[in-house]
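Here the structure is laid out as structure tokens; the discussion comes afterwards.
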Amino acid sequence: MKTTEEIMFNEEEREFRNELRAILEKEMKPKMRQQYEEDIYPRDIYEKLGEKGFLGQLLPPEYGGRGKILYDAIVAEELGAYGGSIGYLHGTSSYAYGTILEFGNEEQKKKFLPPMKEGKKLGSIVITEEEAGSDVTMIKTKAEPKGDYYILNGEKRSITNGGEPNNIELVWVITNPDVDPAKGTSCFIVEPEMEGFEVVGKHGILGGIPGVRNYRLRFTNMKVPQENMIGGENDGFRVMMDELALERALYALFCVGGARVALELSTKYSTQRVQFGVPLRRFEEISFRIADMATKLEAARLVSYHTIRLMDEGNPAEKESAMAKLIASEAYSYITTTALQIYGDRGVSSDVDYDAYMVEWLFRHGRLSMIPTGTVEIMRFIIQREIYKELKRK
Ligand SMILES: Cc1cc2nc3c(=O)[nH]c(=O)nc-3n(C[C@H](O)[C@H](O)[C@H](O)COP(=O)(O)OP(=O)(O)OC[C@H]3O[C@@H](n4cnc5c(N)ncnc54)[C@H](O)[C@@H]3O)c2cc1C
């Protein structure tokens, strides 16, 4: 009889996952505690993953990848399992190289994809502003043409990895303020080394999640060459919608990875911790929660990989990627909150062993996960909108 893993993944895919796990176990695990306690940004490990060929897997073979989003999804799941923070480096970078692959011209691909594939450059997605959160039509950052350049002015907030050096940033701006923003937005590739690019603040997320960097950025008369526009003038919304679907599907797998570890740890703990003369698992209140956690995780994992497979077949999967993000982030939040509860005071104390502090770290990621890449409320909005569109087409 085949296992779930054998049904879901072929041999090459399973081998890829096993090799990655072995490297993370060797390179990442020994450094986890220090990363957590000292808030170390895991860029060196990310670069090592690039050197070993684990990044840029959705890129076609001519760019050194395997041409399937599925491999980046496996990376997202496994990195999510390692405290989550390194997953944010792979996350924003994979959304960016996936979008450049989809919408960039040949020169842009040749220039920007190889260093991202090698892990020497990160990628960032730069959409959110003070007034533009869930409602991305409220973007105010502007780009005005001047000769061979565009001049960018404005401020962005909550940008993951966005202020880090050697970063390739996809920035959405208004290029035609006189029309509906959906028809007047464009996307540019920007590098932090450009004159006029400024990091004006660092957001502490939930009191500061170790290893995660999130920035406020300002562009002041920043000259961006015309050749850095991707997807055509005023066509930025189409690029954004495609980017967000990829982002949501991959982020869902990142959630699945973290939730998987929280479930494993709390299941194990429920057999070890003895109260009232029996291990915790003997209390139905605890063991039934383990059952709920496992069921939510299984559902989230299946929906998420199904969405990735649809995308690999060329389906835009707007509804499915919203479903994946919704179910996976709610499962991640539920599972990590419950894991923390099962761990009792060890789950919230600092003088504890590796497993217990992982539970706390994952809990912060789990709660957080219902906000980025579009909140769970916005996911529900998209899903119902697509369902009613389908009904109208019937
Ligand atoms: C850790 C983290 C990383 C992030 N990284 C990035 C990044 O790299 N790049 C980037 O551009 N952005 C990033 N963001 C920003 C993120 O995309 C926004 O936070 C998100 O889209 C929600 O916007 P908002 O926070 O302004 O909330 P708001 O839009 O102000 O919403 C507030 C509340 O109202 C609800 N709400 C809003 N509209 C509706 C509606 N129509 N129906 C029902 N409920 C509604 C929301 O769901 C939410 O609960 C990040 C955010 C976080 C927390």
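When a ligand or atom number is given, it counts from 1 through the structure's own listing order. The structure displayed is predicted, hence computed values, not measured ones.
- In this structure, a donor-acceptor pair under 3.5 Å is present between the side chains of Y36 and E360.
- Set against the non-hydrogen atoms of I371, the atoms of ligand 1 under 4.0 Å away are 19 (O), 20 (C), 53 (C).
- Nearest residue to atom 24 (P) of ligand 1 from A96, G133, G123, S158 is G133 (criterion: closest heavy atom).
- The nearest non-hydrogen atom to atom 5 (N) of ligand 1, considering only T160, L170, V136, comes from T160.
- Inclusion of T128 in the set of residues having an N or O under 3.5 Å from an N or O of ligand 1 is warranted.
- Evaluated by nearest non-hydrogen atom to atom 28 (P) of ligand 1, the leading choice among S124, G91, P372, S134 is S134.
- Each of the atoms 7 (C), 8 (O), 9 (N), 10 (C), 11 (O) of ligand 1 lies under 4.0 Å from some heavy atom of I159.
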Assess whether ring-ring contact (aromatic ring centres under 6.0 Å, His included) is satisfied between Y305 and F9, documenting all intermediate values.
-> CA-CA 10 Å; Y305 276 116; F9 304 99; 4.9 Å; yes
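- The atoms of ligand 1 that sit less than 4.0 Å from any heavy atom of T375 are 22 (C), 46 (C), 47 (O).
- Of the protein's heavy atoms, none falls inside 4.0 Å of atom 30 (O) of ligand 1.
- Salt-bridge check for R17 with E77: passed, with a basic side-chain N closer than 4.0 Å to an acidic carboxylate O.
- Annotation for ligand 1: atoms under 4.0 Å from non-hydrogen atoms of N214 are 2 (C), 3 (C), 4 (C), 5 (N).
- Checking V376, L368, T373 against atom 1 (C) of ligand 1, the nearest heavy atom belongs to L368.
- Comment: D44 engages K31 in a salt bridge, judged by a side-chain N to carboxylate O separation of less than 4.0 angstrom.
- The protein heavy atom nearest to atom 39 (C) of ligand 1 is I378 CD1, 3.8 Å.
- Numbered from 1 in the order shown, with element, the atoms of ligand 1 that lie under 4.0 Å from a heavy atom of I125 read 7 (C), 8 (O), 9 (N), 10 (C), 11 (O).
- Residue-to-ligand polar distances place I127 within reach of ligand 1: an N/O pair is separated by less than 3.5 Å.
- Remark: E191 engages K121 in a salt bridge, criterion side-chain N to carboxylate O under 4.0 Å.
- Atoms of ligand 1 lying under 4.0 Å from at least one heavy atom of E377, given by number and element, are 43 (C), 44 (N), 46 (C), 47 (O), 49 (O).
- For E106 and K109, the salt-bridge test passes: some basic side-chain N is under 4.0 Å from an acidic carboxylate O.
- A donor-acceptor contact closer than 3.5 angstrom is absent between the side chains of Q35 and Y82.
- With no hydrogens or angles considered, no side-chain donor-acceptor pair links D72 and S94 at under 3.5 Å.
- Atom 34 (O) of ligand 1 lies below 4.0 Å from none of the non-hydrogen atoms of the protein.
- If you check the side chains of N161 and N167, you find no donor sitting under 3.5 Å from an acceptor.
- Of all the heavy atoms in T137 and F237, the pair that sits closest is CG2-CZ, 3.9 Å.
- Within 4.0 Å of atom 51 (C) of ligand 1, at least one protein heavy atom is present.
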